[in-house]
Amino acid sequence: MIVQVALDLPTVETLDYSYNPASKNNSTKTAITGHWVIVKVKNIKNVGLIVGVKNSSPVNQIKPIEFIIDTLPPVDENFLEFLAFASKYYHRPLGKVTFNSFPKLLKSVKNIESNYIKKKKDYFLKQNKSPAEESKKKNQITVDWRLNEEQSKCYKSIVSSTKPILLHGVTGSGKTRLYFSAIKKILEDSVTSQVLYLVPEIGLTSNLQSLLENYFPSHEIGIYTSTQTPLSRAKTWLNVSTGKTKIILGTRMAIFLRLSNLQLIIVDEEHDTSFKQSEGFRYSARDLAVYRANNLGIKIILGSATPSLESWMQTKRKKYTYLNLKNRASGQLLPRPIICQKSSYSYENGISEDTLKILKQHINAGQQALLYLNKKGWAPVLSCLECNWSAKCKNCTVNLVLHKDKDDFMLCHFCNYKELPPRFCKSCGSNRMKLLGIGTEQLEYKISCLIPTARIIRIDKQIIKKKKEFDACLQKIENGDVDIIIGTQILTKGHDFTKVTLVVALEIESYLKHPDFRASERLFQSLLQVSGRAGRHPQQSKKYQEPVFIMEVLDPDSNFLKNLSNANYADFAEKLLTERKTWKLPPFTNLATVNFTHSDKVILEREINRVLFELTTLIPDSEKSKVKFSGPLKVFPERLSKKHRSRILLEADERAKLHRTLNAIKATITNTRGNTIIDVDPIDF
């Protein structure tokens, strides 16, 4: 018998091996597809997955399978089909897809041969903790899980719907309550059912895990993220694969978990770009979740206060069921928007005088404020006033950012290159150097000078390196030990701050100048999301200040801000769809990019031109109006970690034509010098 084995090797789809059921190593297994095995590649042992069986092979001398791994649960046909689809759709070798989020400890041949899994059996079978006991250790989160009238109506539609569900609810409307109600019904209908709950950020898992443990005290919640220890991830993988763990909470990588009886998928904050892998295997966990649910015939809920235009369009095409929660569960109104024009005072102090006045009012009332600035460091640019030279990274074509944590240093936010701040211009020698712009570090300093008594906490990825540090910050905020929170994008989604009643958004207009056609959509989403952190919980106090959302801008009369002030995402989405349709942009067309990287710019250009020439000869004249390509196109940054970058953009009116073209040039792409990656449905331009 000849079996096809998927291996974690680049450019290799599958390799053929012989299998003898009578062999003592192989026992008497006949249904072999889906089993994990150890095989040799160039005399080096590798863990692989049998994905198919065939009668013959073009290879003359076929090596036998070393042995079948009995300690790893086999994969069923549905999951094999899912892996095959992901491989085909994203043009990635099947083995790289199969082992994309596979635990390293279980992929180690040394561990397999030493019976590592059996030796660790007690650990893998042991429950992580008693949820009930753990809840007592924490300040147990008490939530009123009863559904209100609006939520109950949506819940009935969730139960009855046979299509993917887009749950569009304003911030604080109780989408989580509906998720939990849906999970409860699934588990009540069948004790063996499993639920996959996907979130975009690791920082969202701790609070959700506590909520899930309190709502489902008899269930251990499986966590699957990149920050887990190798041992913890291996345990989750095994318990999920055997069906022991019923509720799995994870980030995008969790979509590749093999669940034995998956019945419900939840994708929270479905619009978030973090669900798309930005390097290597560039998959969308949200899109794969929809495919997986449709393939299994199970329920999937996509939730967001600001749905992606792709999902929004699917509701208009009647492919998704659209459900809308228009009101906050607490009965509170959405924060009142205020557009504040920046002044000279703003540049000197970080915020305007009017904003400072409102900020003090909220703090004096015992409430909390969130200052949103999506720029890390002290200042994003150090420039020469004489010749306009600016400090740039020696590895990337980007400006170095000044940081003042302990010692002053210039840092590249792309490759982490670091150097001391120059005292003189490296171009003309002038000492007239000026810092331009403001980052979270400088804002923290300026606010502390304006309000010396305020307890300020800064949260960005420069200062928060580990999940435990982030959790500790969130706990401080929840305990009321903080007056002012200063943070970046990390704070815009999913967090339920009890005492925050004021949100101030700073330096937001620069993002509208970005050449990406999705820039306005993303900015609208992030601002509407961060504004929703304010006023989520009613407070009984005579001093209570009503929730407010302040936007400090140069042009207070822009149409974008007027739309945002109305907080009507539906109207904004419809306007954007009209624009996209006019310009034939997604979701009204299908895109893919071929991304090239090489240390030598001349070689890079030559390889791109070679692929462009093949595309020119490959696409017949009759198809050129339906399948278009352009390039070479600039990528930001053009040089990253000493590697030059460029891309080719392909566009097709039909998805099948796009994939046919990509398949036709795949051999050429594979043989190019340097690193070349196909990105289907790209989100970064």
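Bear in mind the structure is a predicted one, so any value in this text is a computation, not a measurement. Because only heavy atoms are used, hydrogens play no part in the values below, and waters and symmetry mates are left out as well, while side chains stay in.
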Would you please indicate if the ring centroids of Trp36 and Phe99 are separated by under 6.0 Å? yes
With a 4.5 Å heavy-atom cut-off, do Leu264 and Leu196 have their side chains touching? no
Does Thr236 use its side chain to pair, donor to acceptor, with the backbone of Ile223 at less than 3.5 Å? yes
OG of Ser161 to OH of Tyr320: how many Å apart, nearest 0.5 Å? 11.5 Å
Steps toward side-chain contact (heavy atoms from CB on, under 4.5 Å) verdict (Asn55, Ile2): CA-CA 6 Å; Asn55 296 322; Ile2 309 298; over 6 Å; no
Between the side chains of Arg645 and Glu638, is the shortest nitrogen-to-carboxylate-oxygen separation below 4.0 Å, so that they form an ion pair? no
Among all residues two or more places apart in sequence or in another chain, which pass the ring-ring contact (aromatic ring centres under 6.0 Å, His included) test with Tyr291? Phe85
Under a 4.0 Å threshold between the charged nitrogen and the carboxylate oxygen, would Lys104 count as salt-bridged to Asp8? no
Compare all side-chain heavy atoms of Arg286 with those of Glu270 and state whether any distance is below 4.5 angstrom. yes
Do NZ/NE/NH1/NH2 and the carboxylate oxygens of Lys185 and Glu188 come within less than 4.0 Å? no
Quick one: CG on Asn261 to OG on Ser190, what's the gap to the nearest 0.5 Å? 5.5 Å
Please check if any side-chain donor atom of Lys666 sits under 3.5 Å from a side-chain acceptor atom of His91, or the reverse. yes
Can you tell me how far apart OG1 (Thr273) and CZ (Phe275) are? Round to the nearest 0.5 Å. 10.0 Å
Taking C-beta and beyond as the side chain, do Val594 and Phe629 meet within less than 4.5 Å on heavy atoms? no
Student check: side-chain heavy atoms of Gln194 and Ser260 closer than 4.5 Å: yes
Which is it for Asp189 and Lys184 under the salt bridge (Lys or Arg N to Asp or Glu O under 4.0 Å) test, yes or no, and what are the steps along the way? CA-CA 9 Å; Asp189 288 347; Lys184 182 180 179 183; over 6 Å; no
Could you tell me if Arg252 and Ser284 have a donor-acceptor pair between their side chains, going purely by distance under 3.5 Å? no
Which heavy-atom pair separates Thr225 from Thr251 by the least distance, and what is that distance? CA-OG1, 3.8 Å
Set out, in order, the CA-CA distance, both residues' side-chain angles and the distance that settles salt bridge (Lys or Arg N to Asp or Glu O under 4.0 Å) for Arg673 and Glu607, then state yes or no. CA-CA 7 Å; Arg673 294 177 63 181; Glu607 293 300 303; 5.5 Å; no
Scanning both residues in full, the closest heavy-atom pair of Pro74 with Arg258 reads O-NH2, 2.9 Å
Without swapping roles, check the side chain of Ser232 against the backbone of Gln228 for a donor-acceptor pair under 3.5 Å. no
Nearest atoms (heavy-atom pairs only) where Val47 meets Leu106: CG2-O, 4.3 Å
Closest heavy-atom pair, Leu262 versus Arg292, reported as atoms and distance to 0.1 Å, is CD2-NE, 3.9 Å
Any side-chain donor near an acceptor of the partner, Asn395 and Ser641, under 3.5 Å: no
Pairing residues for His413 by the ring-ring contact (aromatic ring centres under 6.0 Å, His included) criterion, not counting sequence neighbours: His403
Determine, for Lys246 against Glu220, whether the closest basic-nitrogen to carboxylate-oxygen distance falls under 4.0 angstrom. no
Within 6.0 Å of NZ in Lys299, more than 12 heavy atoms from elsewhere: yes
Taking all heavy atoms of Ala6 and all of Thr98, pick out the closest pair and write down the distance. CB-OG1, 4.1 Å
From Ile221 atom CD1 to Gln209 atom CD, the distance as rounded to the nearest 0.5 Å: 7.5 Å
Which pair of non-hydrogen atoms, one from Pro93 and one from Ser87, has the smallest distance, and what is that distance? C-OG, 3.8 Å
For the residue pair Leu302 and Ile165, establish whether any side-chain heavy-atom pair is separated by less than 4.5 Å. no
Checking the side chain of Tyr197 only, and the main-chain atoms of Leu212 only, is there a donor and an acceptor separated by less than 3.5 Å? no
Evaluation steps, side-chain contact (heavy atoms from CB on, under 4.5 Å), between Leu649 and Phe685: CA-CA 10 Å; Leu649 175 67; Phe685 289 92; 4.0 Å; yes
Is Lys63 atom NZ crowded by more than 12 heavy atoms from other residues, nucleotides or ligands, each under 6.0 Å away? yes
Sidechain-backbone polar pair: Asn609 side chain, Glu605 backbone, donor-acceptor under 3.5 Å: yes
Any chance you could lay out the side-chain contact (heavy atoms from CB on, under 4.5 Å) test for Lys634 and Ser646, step after step, and finish with the verdict? CA-CA 5 Å; Lys634 289 185 177 181; Ser646 191; over 6 Å; no
Hey, does the side chain of Asn111 reach the backbone of Leu105 with a donor-acceptor pair shorter than 3.5 angstrom? yes
Output for pair (Leu288 CG, Tyr90 OH), nearest 0.5 Å, gives 4.5 Å
Can you name the salt bridge (charged side-chain N to carboxylate O under 4.0 Å, His left out) partners of Arg660, sequence neighbours left out? none
Examine Phe102 together with Trp237 and report whether their ring centres are nearer than 6.0 Å. yes
How about His659 and Tyr89: are their ring centres within less than 6.0 Å of each other? yes
Knowing that exactly one of Arg655, Lys628, Lys584, Glu651 qualifies, which makes a side chain to side chain donor-acceptor pair (under 3.5 Å) with Thr589? Glu651
Inspect the contact between Asp16 and Lys54 and indicate whether a charged nitrogen and a carboxylate oxygen are less than 4.0 angstrom apart. yes
Under 4.5 Å between any side-chain heavy atoms of Leu49 and Leu80, yes or no? yes
Measure centre to centre between the rings of Tyr179 and Tyr215, then say whether the value is under 6.0 Å. no
Is it true that a side-chain atom of Glu654 and a backbone atom of Ala656 form a donor plus acceptor pair closer than 3.5 Å? no
Give me the ring orientation class for Phe216 and His219: parallel if the planes are under 30° apart, tilted from 30 to 60°, perpendicular past 60°. perpendicular
Counting neighbours of CZ on Phe613 that are heavy atoms of other residues, nucleotides or ligands and sit closer than 6.0 Å, is the number greater than 12? no
If we only count heavy atoms from C-beta on, is the Val12 to Thr14 side-chain gap below 4.5 Å? no
Enter the distance from Leu249:CG to Thr205:OG1 here, rounded to the nearest 0.5 Å. 6.0 Å
Applying ring pair (Phe, Tyr, Trp, His ring centres under 6.0 Å), run through Phe281 and Phe256 and close with a yes or a no. CA-CA 12 Å; Phe281 175 23; Phe256 289 102; 5.7 Å; yes
Within the distance-only criterion (no hydrogens, no angle test), does the side chain of Lys276 pair as donor or acceptor with the backbone N or O of Ala285 below 3.5 angstrom? no
Does a side-chain heavy-atom distance below 4.5 Å link Tyr283 with Met253? yes
When you measure from the side chain of Ser311 to the backbone of Ser308, do you find a donor-acceptor pair of N or O atoms at a distance under 3.5 Å? no
Does this structure show an ion pair linking Arg518 with Glu310, if we count only N-O contacts that are shorter than 4.0 Å? yes
